[in-house]
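Working notes, structure below.
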Number of protein chains: 2
Amino acid sequence: MGRWEPDAQGRLREAALELYAEQGFDATTVADIAARAGVTERTFFRHFADKREVLFDGSHELEHIVADVVASAPTSATPMVAVSAAMVQAGIALQQRREFATKRAAVIAANGSLMERELLKLAALAAATAQALRGRGVPEPVAVLAGEVGVIAFKVAFARWIADRGELPAYVTQALDQLRELSA
Amino acid sequence: MGRWEPDAQGRLREAALELYAEQGFDATTVADIAARAGVTERTFFRHFADKREVLFDGSHELEHIVADVVASAPTSATPMVAVSAAMVQAGIALQQRREFATKRAAVIAANGSLMERELLKLAALAAATAQALRGRGVPEPVAVLAGEVGVIAFKVAFARWIADRGELPAYVTQALDQLRELSA
């Protein structure tokens, strides 16, 4: 392998997911992943901090999307309107990566420690949403509650999207509507 | 130590919390805990599966409380009314253990892996709530959403209770009211 490896990151991600699905997350080493992708271990560590991060490196991106949309919502938007727009936008971003997301969800569901990490990342998404709301002057506890409710809608929509065919942004909108009806 | 140890479980729990607070969860062994409580390691394992379970053995109890209250709510109760009653009842149960809960929360907040486990236990509480709602004939996705919303109210109220003086059941009721206003 030369110094220039076209899409090494993408190949590493694919290789890792394949191996996690085939032999389990715990039994897979970084050496296995690098070998399958045809790169060195050093290349792996140029792209990912560890073998878990292959599965979670997209979560910061979602946090940024959500924070940006909340921050740029019209001044007149209520907290839930801003959060709803943000979660739909996160759904649009993820919709383009359906195949990766589906494989990833199966790997996570098979491993208790990965499920715990996934919940921590969702908690971080709720916290980033609440922080963006505070930046709009939304007080406590509304900021925290709205962030949590937005993430619930996203989580429920995501599970449905993994199980069914369909469009994630539409599922997010439906979940938000159903949450509203629940409290009516 | 003889075979009969009055409240060995309670002493072990206190000893564990003290040690986790003093020297950190990771640095504390079961041998340390047993020695501090004045019992054998064997006695520890008669009461707890491992040193993590000292912190989480109450979570099944909360799940049972919530499931029972949801199941026994009047037929006319909406899903959110049944869930709200259940979360308030869980708050009443926990209110009696304020000192333990406060120390426990500080230990968990200091350890990423314990925070992940706490989130998994909260997810299990939401799942138990949803399951109890299904038993009342509540369809998807309402059952899942109502379970998640109930746990959010509980989580937000719990954080406030740990930070402030006050009554957990009242904080749960307030959080549920605020969630309703959010969607209005």
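Letters go in sequence order (proteins before strands), and every chain restarts at 1. Basis for what follows: all heavy atoms, side chains included, without hydrogens, waters or symmetry-related copies.
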Could you grab the distance from atom [atom1] of [X] to atom [atom2] of [Y], nearest 0.5 Å is fine?
| X | Y | atom1 | atom2 | answer |
| --- | --- | --- | --- | --- |
| E116(B) | L114(A) | CD | CG | 9.5 Å |
| R180(A) | L145(B) | CZ | CG | 12.0 Å |
| L182(B) | T78(A) | CG | OG1 | 8.0 Å |

Which atoms of [X] are under 4.5 Å from chain B, going by heavy atoms: the side chain, the backbone, both sets, or neither?
| X | result |
| --- | --- |
| S113(A) | backbone |
| A123(A) | side chain |
| V142(A) | both |

Should [X] and [Y] be regarded as members of a common hydrophobic cluster, given that ILVMFWY residues are connected when their side-chain heavy atoms come within less than 4.5 Å of each other, either directly or indirectly?
| X | Y | result |
| --- | --- | --- |
| V81(B) | V138(B) | no |
| V30(B) | L12(B) | yes |
| F25(A) | F100(A) | yes |
| V39(B) | F45(B) | yes |
| I108(A) | W161(A) | no |

Pick from Q178(A), M115(A), E181(A), R160(A) with the largest number of heavy-atom pairs that fall under 4.5 Å of chain B: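 The residue among Q178(A), M115(A), E181(A), R160(A) with the greatest pair count is Q178(A).
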
Greatest number of heavy atom pairs closer than 4.5 Å to chain B - which of V144(A), V83(A), L120(A):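 The candidate making the most pairs under 4.5 Å is L120(A).
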
Options L119(B), L122(B), V156(B), ranked by heavy-atom pairs under 4.5 Å with chain A, top entry: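 Answer, by heavy-atom pair count under 4.5 Å with chain A: L119(B).
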
Segment of V149(B) engaging chain A (4.5 angstrom heavy-atom cut-off):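 It is both, since atoms from each part get that close.
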
